[in-house]
Amino acid sequence: MSETLQVSGIVAGYIPDLPVLRDVSLSAQKGKITVIIGPNGAGKSTLIKAVSGLVPATEGHVVLNGANITNPRPDQMGGLGVAYIPQTDNVFRSLTIRQNLELVLRNAGPEGPARLDRLFQQFPPLAQKQRERAGSLSGGQRQFLAIAMALAIDPSLILMDEPSAGLSPKAAEEVLEHAHVLAQRGVTILLVEQNVKQALRLADHCYILADGRNQIDGPAADLLSDPVVGQIYLGGKRMAPT
Amino acid sequence: MIQNLVDGVLVGSILSLGAIGLTMAMHMLRFANFSHAELLSIGAYSALVFDGLFEVIYPALGSAIGPLSLTWALSLAIILSMVITGASAVLIDRLIFRRVRAKGGELSMVFASFGVAMIIRNILGLIFGLGSQLYSKDIVFAMAISRDPLLLIKPDQVFSLVAALIIMIILHLILSRTTFGYALRAVAENPTLAQVSGINLSRMILLIWIIGGGLAAAAGVFYGLSNQINPVLGRDLVLPIFAATIVGGIGSVYGAVLGGFLVGIASNLALVVLPSGYSPSVPFLIILAVLMVRPTGLFGEERL
Amino acid sequence: MIGLLSYLVFFATVAAILSIAVLGLNLQWGNTGLFNGGVVAFFGAGGYGTLILGGTPQADHLGGFALPYLIALSGGMAIAGLLAWGVGILTLRLRHDYLAIATFGVAVAFENLMRNAEGLAGGAKGLRGFERPLRQALGDGFTYNLLFLIFVLGLLIATYIFLERLIRSPYGRLLRAIREDETAAMSLGKNPARIRLAAFIAGSVIMGLAGGLYATFYAFISPQDVLPILTFQIWAMLIVGGAGNNKGAVMGTFLIWGAWTASGWGLSRFAPLEVQLYTGSLQFILIGVVIVGMLLWRPQGLFEEKLVVSQSGRAKHLKQQGVRE
């Protein structure tokens with residue numbers, strides 16, 4: 001197994017001396033889906049923001065394909081082959097679908113038009129609506145545009161922050177299904193999910209965070225059948241982890 | 001009345017050019033930049049300097065173009081002045097605004113911008129004198145477009161309006177047709193997403209200053225062509241330009257264009273009912289009216 | 001000797017009056033985080049208000065109600081407060097730049113109105129016909145000026161004590177809480193907009209008091225007294241003293257007013273004639289350099305704030321901007 005991403009001992013937060021992440025380590029394997037779950041405020045989103053350089057890490061390391069990339073400049077992540085899809089506001093609403101894609105492809109050089117065609121082939125609904133403003137898309141379509149924008153840079157790793165949030169069950173299913181397709185093509189996926197059951201069914205490996213620290217981790221299938229995990233996260237009695 | 005309307009359109013095009021840069025910088029850096037109008041002064045005076053220089057080097061350039069008082073030398077000077085003013089805007093940001101930004105809040109930036117305005121305005125006064133200057137000493141008479149109602153327009157004003165419109169169309173094409181324009185709009189809409197989409201924010205801020213400075217320089221020269229150039233040009237235009245950004249909605253380039261024309265026209269129409277002494281107050285009344293009716297402006301988004 | 005002494009009394013009176021205005025600004029900016037780009041409008045409203053209410057009747061303009069002095073002064077303050085209420089109600093719920101632009105606009109419009117509306121306030125030639133209180137009993141000489149200085153100092157001390165008590169009260173803590181973190185203050189069930197409006201009005205009333213005293217001192221006010229430069233001078237005084245620090249604000253006022261008068265005197269005395277034409281420009285550059293220089297190198301002012309205030313709110317603001325360079 002080869003590790004695409006290795007995060008070790010990350011301490012990070014928005015305000016100095018008040019870290020949201022107190023000590024988190026994880027790794028994501030190539031071509032696998034790794035999912036991060038945990039209660040609200042556990043630091044799931046902060047973790048992937050710290051990886052992409054949007055939140056400064058004060059301690060710890062982020063290693064991508066063997067290279068230390070701790071605290072990168074967010075605009076250089078794409079060049080390193082990492083795409084980050086935020087939870088909300090993940091497309092530019094005032095631009096058309098085509099403009100959104102052309103924007104992320106603008107440094108692709110002569111390859112750009114061919115890649116744009118490929119993306120449109122991959123997502124026919126987006127091709128149909130390419131002249132419309134992204135703000136007019138439905139939730140599911142918007143999420144697919146965000147995924148297409150991520151794929152435009154030909155990433156080796158995609159960080160997704162709750163891709164199913166706010167979507168209809170059917171659209172959520174489709175989006176998560178697509179993550180699966182991407183993983184099979186060799187893209188490493190690290191995603192934060194609220195929809196725990198669905199995520200565990202889909203994922204290969206799972207980390208549970210609480211209070212800014214690792215709690216439990218293991219193969220997703222094992223956690224799905226684990227009675228304790230089931231009790232806390234899968235519709236059993238909810239208790240606040242301390 | 002018609003004359004006021006026409007004058008309003010002419011002034012409006014100048015305000016629009018000034019407001020575009022202001023609204024972009026205000027939106028990106030989240031502060032009301034009271035020194036923006038001084039960029040118009042810097043532009044007007046650098047064009048004056050280059051104009052003189054070119055006429056000395058190549059006296060042939062000193063001849064006026066057609067019916068205009070505008071000379072070939074001045075036309076070239078406008079372009080150079082846009083470059084110099086853009087560079088000045090970047091320099092001011094590097095020397096002052098960026099450092100204040102790193103240290104304190106948005107409020108400190110506003111205070112700093114007043115300080116910067118005062119320094120620029122008075123240094124210009126020291127260098128060029130406190131009196132007014134003109135690009136051309138030739139008197140160009142206004143043409144009567146119609147006799148009833150009497151409508152007078154100077155050829156230079158027509159040139160300014162056309163040139164301003166051409167600049168705005170070029171900007172529109174950049175924003176709507178090029179990936180650089182998409183990047184500008186992307187940064188304005190969502191800076192964080194823009195960053196993770198591979199856009200270098202520092203470079204965008206730099207480009208916004210360059211564009212804003214260049215447009216301000218053009219506005220300053222056009223203002224100087226139809227009026228006079230003096231060190232308090234920035235002081236007189238700062239409030240109308242702010243009014244234009246508020247009418248259009250802070251952050252909206254198209255709003256700034258429309259806002260500039262609306263403020264220009266409204267200010268000139270107001271002179272039909274108000275004595276001319278009150279004209280400096282008109283932009284303030286417009287600001288008040290917008291804040292009462294629609295604080296987000298014509299194209300602004302709800303932002304606190 | 002008496003010449004120097006009477007000059008010192010004159011200097012101290014003006015500096016003490018300006019100190020009151022700086023204290024008013026400190027309540028708005030230092031304690032509540034409100035930008036006031038038009039201090040001079042509220043100062044002027046107090047000045048004009050006092051003279052119109054307390055002056056003798058004039059044929060060519062409004063006013064001359066000949067009210068007792070203290071009532072006229074309070075009336076001037078009330079007019080400043082009313083103006084602040086009007087501006088505040090429109091802008092305080094919006095982003096801070098709107099307040100900055102609107103207050104700046106108020107000052108421009110105020111000066112413009114005073115200069116043009118002859119029937120209201122005498123226009124460019126200013127407001128005359130005001131008799132300084134107790135002038136008949138005390139005359140116009142040194143004694144009067146000394147007693148007036150004591151009166152002004154008394155009001156300065158009263159304002160100072162009032163503000164010190166205010167910022168140490170629960171209300172004062174609330175003001176700082178709003179300045180630091182508005183959302184948190186809101187979650188405590190407080191209405192930040194209303195509290196900010198109250199602080200903005202209170203600060204402007206204090207500026208109105210300063211303006212009233214200033215106009216009383218000269219028994220005259222004209223548009224020349226309400227030019228934008230006064231706003232910038234008052235800012236420089238607060239920035240030098242340290243925003244949020246009342247003692248520093250007063251010290252900053254005396255320091256900057258001293259530097260301003262000294263530089264004006266020095267330039268008029270020693271500079272060659274052709275330079276003297278530019279005295280104003282040089283002094284304005286000086287004020288601009290003081291403002292920018294302090295913000296760059298010593299944003300906390302020369303005299304540091306005693307109350308420890310967390311910087312976290314500010315750090316968060318910067319984060320929200322998303323600008324990392």
Side-chain angles (χ1 to χ4, degrees), chain A residues 14 45 48-49 51-55 72-109 112-113 116 131 133-135 142 145-146 148-155 157-161, chain B residues 20 23-24 27-28 30 98 101-105 171-208 248-258 296-304:
Chain A
Y14 300 88
S45 298
I48 55 175
K49 282 185 188 155
V51 171
S52 27
L54 290 170
V55 174
R73 237 174 59 192
D75 55 288
Q76 292 176 338
M77 288 303 282
L80 298 169
V82 181
Y84 162 62
I85 306 177
Q87 180 185 343
T88 51
D89 295 327
N90 48 22
V91 300
F92 297 106
R93 291 153 186 272
S94 61
L95 302 182
T96 66
I97 289 152
R98 194 186 176 89
Q99 289 171 344
N100 265 286
L101 291 169
E102 283 176 346
L103 177 65
V104 280
L105 281 168
R106 75 193 189 291
N107 294 327
L116 183 66
R131 308 257 168 225
R133 278 178 192 249
R142 199 176 300 164
L145 174 57
M149 285 164 72
L151 290 176
I153 60 157
D154 215 354
L157 170 68
I158 301 182
L159 309 166
M160 295 172 120
D161 194 352
Chain B
I20 292 169
T23 208
M24 289 199 293
H27 180 76
M28 276 289 285
R30 311 250 148 171
R98 199 167 68 160
R101 197 150 70 225
K103 278 214 164 138
L171 188 69
H172 164 71
L173 291 176
I174 289 174
L175 286 174
S176 62
R177 301 283 148 87
T178 67
T179 50
F180 167 64
Y182 307 159
L184 269 178
R185 286 157 64 195
V187 169
E189 183 187 320
N190 185 342
T192 310
L193 183 63
Q195 260 185 311
V196 298
S197 305
I199 296 168
N200 182 339
L201 275 191
S202 308
R203 188 181 303 158
M204 278 319 212
I205 292 174
L206 192 83
L207 289 167
I208 283 175
I250 294 174
S252 165
V253 169
Y254 298 101
V257 171
L258 203 62
T296 53
L298 291 172
F299 298 106
E301 39 184 318
E302 190 71 54
R303 236 164 4 97
L304 293 171

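Since the structure is predicted, the reported quantities are computational estimates derived from the model, not experimental observations. Below, read A as the first sequence line, B as the second, and so on, with proteins coming before strands; counting in each chain starts at 1.
With a 4.5 Å cut-off on non-hydrogen atoms, A/Val82 does not touch chain B at all. There is no contact between B/Thr178 and chain A, counting heavy-atom distances below 4.5 Å.
Side-chain atoms of B/Asn190 come within 3.5 Å of backbone N or O of A/Asp89 as a donor-acceptor pair. With hydrogens and angles ignored, the 3.5 Å screen pairs no side-chain donor or acceptor of A/Gln99 with any backbone N or O of B/Tyr182.
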Exercise for review: Give the C-alpha distance, both sets of side-chain angles, the deciding distance and a yes or no for side-chain contact (heavy atoms from CB on, under 4.5 Å) between B/Asn200 and A/Arg73.
Suggested key: CA-CA 9 Å; B/Asn200 182 339; A/Arg73 237 174 59 192; 2.8 Å; yes
Review point. Is there a side-chain contact (heavy atoms from CB on, under 4.5 Å) between A/Leu54 and B/Thr192 once you walk through the steps?
Key: CA-CA 8 Å; A/Leu54 290 170; B/Thr192 310; 3.7 Å; yes
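Residues A/Arg106 and B/Ile199 meet the side-chain proximity criterion, which asks for heavy atoms closer than 4.5 Å.
Note that OG1 of B/Thr179 is 13.0 Å distant from CG of A/Leu101, once rounded to the nearest 0.5 Å. Interatomic distance, A/Ser94 OG to B/Arg185 CZ, rounded to the nearest 0.5 Å: 5.5 Å. Once rounded to the nearest 0.5 Å, the distance linking CZ of B/Arg203 with CG of A/Asp75 reads 8.0 Å.
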